[in-house]
Amino acid sequence: MEFEAVIGLEIHIQLQTRSKAFSSDSSEYGALPNTQVSPISLGHPGTLPKHNKEAIEKAVKMGLALDCSITEINRYARKNYFYADLPKGYQITQFDTPLCVGGHVPVKTKEGGSKNVRLIRIHMEEDTGKSMHDQDLHDTLVDYNRAGTPLIEVVSEPDIRTGEEAYAFVTEIRRLVRYLDICDGNMEEGSLRCDANISIRPKGSTAFGTKVEVKNMNSISNVKRAIDFEIERQKACLENGESIVQETRGFNGLNGTTFSMRKKESNNDYRYFPEPDLPPVLMTQSEVERIRGEMPELPNTLYQRFTEQYGLSEYDASVLIDDKHSAFFFEAVCQHQRNYKAVANWVTVPVRGYLNDQALGMQDFPISAPTLAEMIALVDEGVISHSIAAQQLFPALLQQPNAGARSLVDSMNLATNNDSSELESLAKEVLALFPDKVEAYRSGKTGLMGLFVGEIMKRSAGKADPKMTNGILQSLLNTPE
Ligand code: ADP
Ligand code: MG
């Protein structure tokens, strides 16, 4: 029997805010354990939560970026359960009025097309503390710094069919949170976490099978690996006449398998009820529009513009929009330089190569947009050759970014030599060195031109104007002695 997988993802995104979701405790990552905990984070009796405006606005931005509709009256709820990392005994979350409803994420399919994975909802909630099982020989330790950090949870419809589509989905979510500056998207550090709900069914069937939820994938490729493994495991179960147990499974990155963690709780067990200590958050239409106005241009519209307005190839455009800072830098250079194709080449190849070598981000690139534009202009105007630009001027600018491209060309003496009398005497010198080659050329071996040009280039340290050099050689060789 042929099976088809049905996959829905739940993505938790830690919002980058100065303080926690419902208190003024710092939410900075990496502090010493239990140093960012007030009685509110610790859930002491008598403390009261307060809304964090910055967190709510960041959540709205994500909803707008994914074409969701934004809920006007946002109520909060308590999700009750007992665990050591949850000191209040409940998590503040949203239940019946999620901030964002609907929306979709475009993903590329295996067939080369694109499809929209619909979203069920995005809601706001708070993170738990962090249990550490490997820090002490006998006990599990708990760090409450993370408790109360603002989160949004993006929940997809079960529209995903393969591990690859899931990979594309999470990649797009990560790119968007980075564009929006709401999260660093770091799955290794857990600021972006993905749970995958997976079931299989006979191909052609419309009913859903029993789903399994897989957790603990700390990279996007592990999300794909976990899904691929789980699909095969479930197929094998059904083929052996067993049934799928609804449960939560963990992923073991070392061997790429999943293992049973616990049988799934149902919503009933959480005894959700309205959070009495927080007033509903009102998100009026005008407030939503104000927030929309603060959003940067997003990758899909940038892609459209880069291909249409700048005439870039689909490949160049998609490489540039991968990272917001590269895309913006490209445009900044284009403000000063109309050879857009050349700008794209410089930004996607040498600039990116330098940043990768140095393990730097685009924000740390030393050369300014006007200076890079100036360098490209010097090549276009024939002042320097492309290879001199790539091999000498660009590295020099990286060292002295404020020196200015033109003045480095002068001080390093990089300009193309187009002094015809100098080039002519150089040409005569070279021809005199190879009398037999000159004769061979004159008797029809015109391919030897390359050799003469090469010799002149060598002697001029690559600076001889190639066109002028060619012309001079032609006339010398075609004039009989
Ligand atoms: P739960 O109540 O168990 O959390 P939800 O209905 O809230 O389940 O859905 C959680 C996630 O599971 C969503 O992303 C949804 O798309 C996905 N999902 C629901 N049913 C299935 C299924 N049969 N197979 C795969 N994924 C599913
Ligand atoms: Mg759920």
A.B. asks: I need the minimum non-hydrogen distance between M62 and I13, along with the two atoms involved.
C.D. replies: CE-CD1, 4.2 Å

A.B. asks: Can you tell me if T258 and E230 form a side-chain donor-acceptor pair at under 3.5 Å?
C.D. replies: yes

A.B. asks: Keeping the roles fixed (side chain from E374, backbone from G404), state whether a donor-acceptor pair exists under 3.5 Å.
C.D. replies: no

A.B. asks: Under a 3.5 Å cutoff, is there a donor and acceptor pairing between the side chains of K20 and S41?
C.D. replies: yes

A.B. asks: Go through the steps for S421 and D419 under the test side-chain hydrogen bond (donor to acceptor under 3.5 Å, both in side chains), then give the verdict.
C.D. replies: CA-CA 6 Å; S421 61; D419 179 326; 3.0 Å; yes

A.B. asks: Whether the side chain of S411 engages the backbone of S407 through a donor-acceptor N/O pair (distance < 3.5 Å, no angle test) should be reported.
C.D. replies: yes

A.B. asks: Using the rule given for salt bridge (Lys or Arg N to Asp or Glu O under 4.0 Å), can you reason through D127 versus R193, listing the C-alpha separation, both sets of side-chain angles and the distance that settles it, and then say yes or no?
C.D. replies: CA-CA 11 Å; D127 212 341; R193 308 193 284 271; 2.9 Å; yes

A.B. asks: Is a donor on one side and an acceptor on the other found under 3.5 Å between the side chain of T171 and the backbone of Y167?
C.D. replies: yes

A.B. asks: Enter the distance from I198:CD1 to L9:CG here, rounded to the nearest 0.5 Å.
C.D. replies: 8.5 Å

A.B. asks: R459 versus I456: any side-chain heavy-atom pair under 4.5 Å?
C.D. replies: no

A.B. asks: Using modelled atom types and a 3.5 Å cut-off, is there a donor and acceptor pairing between side-chain atoms of Q400 and backbone atoms of A403?
C.D. replies: no

A.B. asks: Side-chain contact test, heavy atoms from C-beta onward, threshold under 4.5 Å: evaluate it for L431 versus L473 and give yes or no.
C.D. replies: yes

A.B. asks: To the nearest 0.5 Å, how far apart are CG in L298 and CG in L66?
C.D. replies: 9.0 Å

A.B. asks: Kindly indicate, with the supporting measurements, whether the criterion salt bridge (Lys or Arg N to Asp or Glu O under 4.0 Å) is fulfilled by D143 and K130.
C.D. replies: CA-CA 5 Å; D143 175 8; K130 196 172 173 157; over 6 Å; no

A.B. asks: State whether the side chain of R442 and the backbone N or O of T479 hold a donor-acceptor pair below 3.5 Å, judged by distance alone.
C.D. replies: yes

A.B. asks: Should the pair K108-E164 be classified as a salt bridge under the 4.0 Å nitrogen-to-oxygen rule?
C.D. replies: no

A.B. asks: Is there a side chain to side chain contact (heavy atoms under 4.5 Å, CB included) between R352 and V319? Walk through the geometry before answering.
C.D. replies: CA-CA 10 Å; R352 191 170 271 240; V319 171; 3.8 Å; yes

A.B. asks: Would you find a donor on one side and an acceptor on the other, under 3.5 Å apart, between the side chain of Q337 and the backbone of N339?
C.D. replies: yes

A.B. asks: So which heavy atom on G102 is nearest to which on C68, and how close?
C.D. replies: O-SG, 3.2 Å

A.B. asks: Hey, mind stepping through R121 and E10 against salt bridge (Lys or Arg N to Asp or Glu O under 4.0 Å) and telling me if it holds?
C.D. replies: CA-CA 10 Å; R121 59 191 275 159; E10 295 169 281; over 6 Å; no

A.B. asks: Any carboxylate oxygen within less than 4.0 angstrom of a Lys/Arg side-chain nitrogen, looking at K341 and D316?
C.D. replies: yes

A.B. asks: Could R18 and E54 be called an ion pair, given the rule that one side-chain N must be under 4.0 Å from one carboxylate O?
C.D. replies: yes

A.B. asks: Would you check if there is a donor-acceptor pair between the side chains of D25 and S27 at a distance under 3.5 Å?
C.D. replies: no

A.B. asks: Quick check, are the ring centers of F306 and F330 under 6.0 angstrom apart?
C.D. replies: yes

A.B. asks: List the atom of Y354, the atom of P366, and the distance in Å for their closest heavy-atom pair.
C.D. replies: CE2-CD, 3.8 Å

A.B. asks: When the ring planes of W346 and F394 are compared, do they come out parallel, tilted or perpendicular, using 30° and 60° as the limits?
C.D. replies: tilted

A.B. asks: Taking the side chain as every heavy atom from C-beta outward, state whether M449 and L477 have any atom pair closer than 4.5 Å.
C.D. replies: yes

A.B. asks: For Q309 and Y340, test the side chains for any donor-to-acceptor distance below 3.5 angstrom and give the result as yes or no.
C.D. replies: no

A.B. asks: So do the side chains of I321 and R175 get within less than 4.5 Å of each other, counting heavy atoms only?
C.D. replies: yes

A.B. asks: Quick one: pull up NZ in K215 and CG in N197 and give me the separation to the nearest 0.5 Å.
C.D. replies: 8.5 Å

A.B. asks: Are any of the side-chain heavy atoms of E232 and D228 separated by less than 4.5 Å?
C.D. replies: no

A.B. asks: Quick one: does E172's side chain get under 4.5 Å of V107's, heavy atoms only?
C.D. replies: no

A.B. asks: Between P296 and F328, which heavy-atom pair has the shortest distance, and what is it?
C.D. replies: CB-CZ, 4.2 Å

A.B. asks: Are a donor atom and an acceptor atom from the side chains of N417 and S460 found within less than 3.5 Å of each other?
C.D. replies: no

A.B. asks: Kindly indicate, with the supporting measurements, whether the criterion side chain to side chain contact (heavy atoms under 4.5 Å, CB included) is fulfilled by N74 and Q94.
C.D. replies: CA-CA 8 Å; N74 287 275; Q94 291 191 291; 3.2 Å; yes

A.B. asks: So for atom CD, which belongs to E188, do other residues, nucleotides or ligands contribute more than 12 heavy atoms lying within a distance under 6.0 Å?
C.D. replies: yes

A.B. asks: Apply side-chain hydrogen bond (donor to acceptor under 3.5 Å, both in side chains) to residues Y310 and E331 and explain how you reach the verdict.
C.D. replies: CA-CA 9 Å; Y310 295 105; E331 275 217 293; 2.6 Å; yes

A.B. asks: Using atom types as modelled and distance alone, determine if a side-chain donor or acceptor of D159 lies under 3.5 Å from a backbone N or O of R118.
C.D. replies: yes

A.B. asks: Between I73 and T71, what is the shortest heavy-atom contact and its length?
C.D. replies: O-CG2, 3.4 Å

A.B. asks: Using modelled atom types and a 3.5 Å cut-off, is there a donor and acceptor pairing between side-chain atoms of R406 and backbone atoms of L378?
C.D. replies: no

A.B. asks: Strictly under 6.0 Å, is that where the ring centroids of Y76 and H51 end up?
C.D. replies: yes

A.B. asks: Could you check if a side-chain atom of N52 sits within less than 4.5 angstrom of a side-chain atom of F22, using non-hydrogen atoms only?
C.D. replies: no

A.B. asks: Can S191 and D184 be said to form a side-chain hydrogen bond (donor to acceptor under 3.5 Å, both in side chains), step by step?
C.D. replies: CA-CA 7 Å; S191 48; D184 63 16; 2.5 Å; yes

A.B. asks: Is it the case that E125 and H123 place a side-chain donor and acceptor less than 3.5 Å from each other?
C.D. replies: yes

A.B. asks: Measuring from atom CZ of R146 to atom CD of Q36, what distance do you get when rounded to the nearest 0.5 angstrom?
C.D. replies: 13.0 Å

A.B. asks: Determine whether K58 and D181 satisfy the following criterion, salt bridge (Lys or Arg N to Asp or Glu O under 4.0 Å), listing intermediate values before the conclusion.
C.D. replies: CA-CA 8 Å; K58 290 190 161 165; D181 256 330; over 6 Å; no

A.B. asks: Is there a donor-acceptor contact under 3.5 Å linking the side chains of N255 and T257?
C.D. replies: yes

A.B. asks: Do M283 and V288 come close enough that some side-chain heavy atom pair is under 4.5 Å?
C.D. replies: yes

A.B. asks: For the atom pair CG (L15) and NZ (K61), what is the distance rounded to the nearest 0.5 Å?
C.D. replies: 11.0 Å

A.B. asks: Ignoring hydrogens and geometry, is there a side-chain-to-backbone donor-acceptor pair from N145 to N34 under 3.5 Å?
C.D. replies: yes

A.B. asks: Between CG of D195 and CD1 of I11, what distance do you get to the nearest 0.5 Å?
C.D. replies: 9.0 Å

A.B. asks: For atom CZ of R338, is the number of surrounding heavy atoms from other residues, nucleotides or ligands below 6.0 Å larger than 12?
C.D. replies: no

A.B. asks: A389 and V379: which non-hydrogen atoms are nearest, and at how many Å?
C.D. replies: CB-CG2, 3.6 Å

A.B. asks: Is it true that, when you exclude K437 itself, more than 12 heavy atoms of the residues, nucleotides or ligands shown sit nearer than 6.0 Å to its NZ?
C.D. replies: no

A.B. asks: Within the supplied structure, the quantity of interest is the number of heavy atoms (other residues, nucleotides, ligands) at a distance under 6.0 Å from E28 CD; does it exceed 12?
C.D. replies: no

A.B. asks: When you measure from the side chain of S156 to the backbone N and O of G8, does any donor-acceptor pair fall under 3.5 Å?
C.D. replies: no

